[in-house]
Number of protein chains: 2
Amino acid sequence: MCDHHSRDKKGSVCRCGGGLPVEKFMQPCLLILLKQHSSHGYDLIQQLAEFGFSERLDPGSVYRTLRRLEDEGLVTSHWDVGEGGPARRLYSLSDEGEEMLHAWAVHIRQQRKRMDVFLERYQSLFSKEN
Amino acid sequence: MCDHHSRDKKGSVCRCGGGLPVEKFMQPCLLILLKQHSSHGYDLIQQLAEFGFSERLDPGSVYRTLRRLEDEGLVTSHWDVGEGGPARRLYSLSDEGEEMLHAWAVHIRQQRKRMDVFLERYQSLFSKEN
DNA sequence: AATCCATATAGACAAATTACACATAGAGAG
DNA sequence: CTCTCTATGTGTAATTTGTCTATATGGATT
């Protein structure tokens with residue numbers, strides 16, 4: 001998940017991976033994708049790459065997140081037994097989910113502002129020296 | 001931590017609190033504050049408000065984070081038994097901590113970019129209608 | 001027909017993380 | 001003597017994360 005510097009010798013992941021937990025930020029991204037058009041999990045995994053998720057994002061976490069969203073009433077699903085290929089679950093955004101999407105947008109703007117505060121402070125600290 | 005809409009009837013916190021986990025984002029903020037000048041925990045708690053942390057941020061989580069940063073070698077501390085008031089631990093940024101601060105800045109810029117992608121997509125979806 | 005790969009969904013689990021409540025203690029004010 | 005402010009911590013239950021593994025269908029390749 002953290003690509004900006006490599007893992008250390010011991011094989012542990014880097015310690016600054018905390019900005020955006022994968023499954024948390026995945027939620028508003030899924031909602032916005034489903035606002036555009038209903039689709040199924042496997043397809044959503046591909047589309048999530050546009051939001052900066054790893055191209056080999058763990059499918060299990062996506063399906064788990066989708067099911068949680070459904071538990072919360074933010075999306076609905078029904079089995080789509082089309083011709084060819086295994087049965088797949090087609091997800092759609094609910095009205096409640098669209099409301100939550102708006103709440104997320106407000107929240108994310110706030111979080112971005114906090115990051116701006118940090119980055120401005122960082123730059124003013126390190127811009128003049130060396 | 002999430003102020004943009006109230007808690008629901010059951011008393012549970014709102015579900016879109018995931019942008020920036022408190023203790024994770026606290027780490028680079030503490031590093032940048034200690035880059036400016038060494039200080040002790042109680043003082044850092046006040047200063048963290050500038051980064052958008054709640055004014056009644058749990059002190060325990062701050063002290064715990066500071067100790068973890070010390071375990072990782074990013075900060076150093078020694079007891080400051082000054083005149084008046086209880087003894088307090090004075091924290092300073094280490095060289096390794098300053099390096100980590102740079103890594104965090106890169107990371108946070110990336111995360112901010114992902115939020116931009118989300119917000120642009122959000123606005124283009126909802127700008128034209130009504 | 002046997003094998004392999006892409007599609008598609010899901011469960012299990014250890015470790016980390018969170019929020020919150022609680023514990024301890026010195027010092028000055030009233 | 002009690003209250004509040006300063007100052008630093010511990011405990012813990014519940015949630016969340018990342019990762020690994022399981023299962024099944026169907027098309028393509030050999």
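With D:dT16, D:dT8, C:dT18 as the choices, the nucleotide that has an atom nearest any side-chain atom of B:Lys24 turns out to be C:dT18. Minimum atom distance to the side chain of B:Pro59 is reached by D:dT8, of the listed C:dA6, C:dT17, D:dT8.
Remark: C1' of C:dT9 and CG of A:Asp43 are 14 Å apart, rounded to the nearest angstrom. Taking atom CD of B:Gln46 as the reference point, atom P of D:dT8 lies 11 Å away to the nearest angstrom. As rounded to whole Å, 15 Å separates atom P of C:dT18 from atom CD of A:Glu23. In this structure, CZ of A:Arg89 is placed 16 Å from C1' of C:dT7, rounded to the nearest angstrom. Computed from coordinates, the B:Leu57 CG to D:dT8 P distance equals 14 Å when rounded to whole Å. Here the P atom of nucleotide C:dT7 and the CG atom of A:Leu90 are 18 Å apart, to the nearest Å. Computed from coordinates, the B:Tyr42 OH to D:dC5 P distance equals 8 Å when rounded to whole Å. To the nearest angstrom, C1' of C:dA10 lies 11 Å from CD1 of A:Ile45.
Under a 3.5 Å cut-off, the side chain of A:Gln47 and the backbone N or O of A:Leu33 do not form any donor-acceptor pair. Looking at A:Arg112, its side chain never comes within 3.5 Å of a backbone N or O of B:Arg112 through a donor-acceptor pair.
If you check every strand for non-hydrogen atoms under 4.0 Å, B:Gly60 touches a base.
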Stepwise salt bridge (charged side-chain N to carboxylate O under 4.0 Å, His left out) test for A:Arg67 and A:Asp71: CA-CA 6 Å; A:Arg67 263 174 289 128; A:Asp71 286 343; over 6 Å; no
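For B:His40 and D:dT8, the shortest distance from a side-chain N or O to OP1 or OP2 is not below 4.0 Å. Contact annotation: B:Arg88 side-chain N/O to D:dA7 OP1/OP2 distance is under 4.0 Å.
Atom CD of A:Glu70 and atom CG of A:Leu66 lie 8.5 Å apart (nearest 0.5 Å).
Listed by residue number, the members of residues 61-70 of chain B with any heavy atom below 4.0 angstrom from DNA chain D are B:Tyr63, B:Arg64, B:Arg67.
Below 30°, between 30° and 60°, or above 60°: for A:Phe126 and A:Tyr122 the angle between ring planes is between 30° and 60°, a tilted geometry.
Summarising the geometry of A:His40 relative to A:Leu90, their closest heavy-atom pair is N-CD1, 4.0 Å, with the distance given to 0.1 Å.
Looking at heavy atoms from C-beta onward, A:Gln111 lies out of side-chain contact with A:Phe25 at the 4.5 angstrom threshold.
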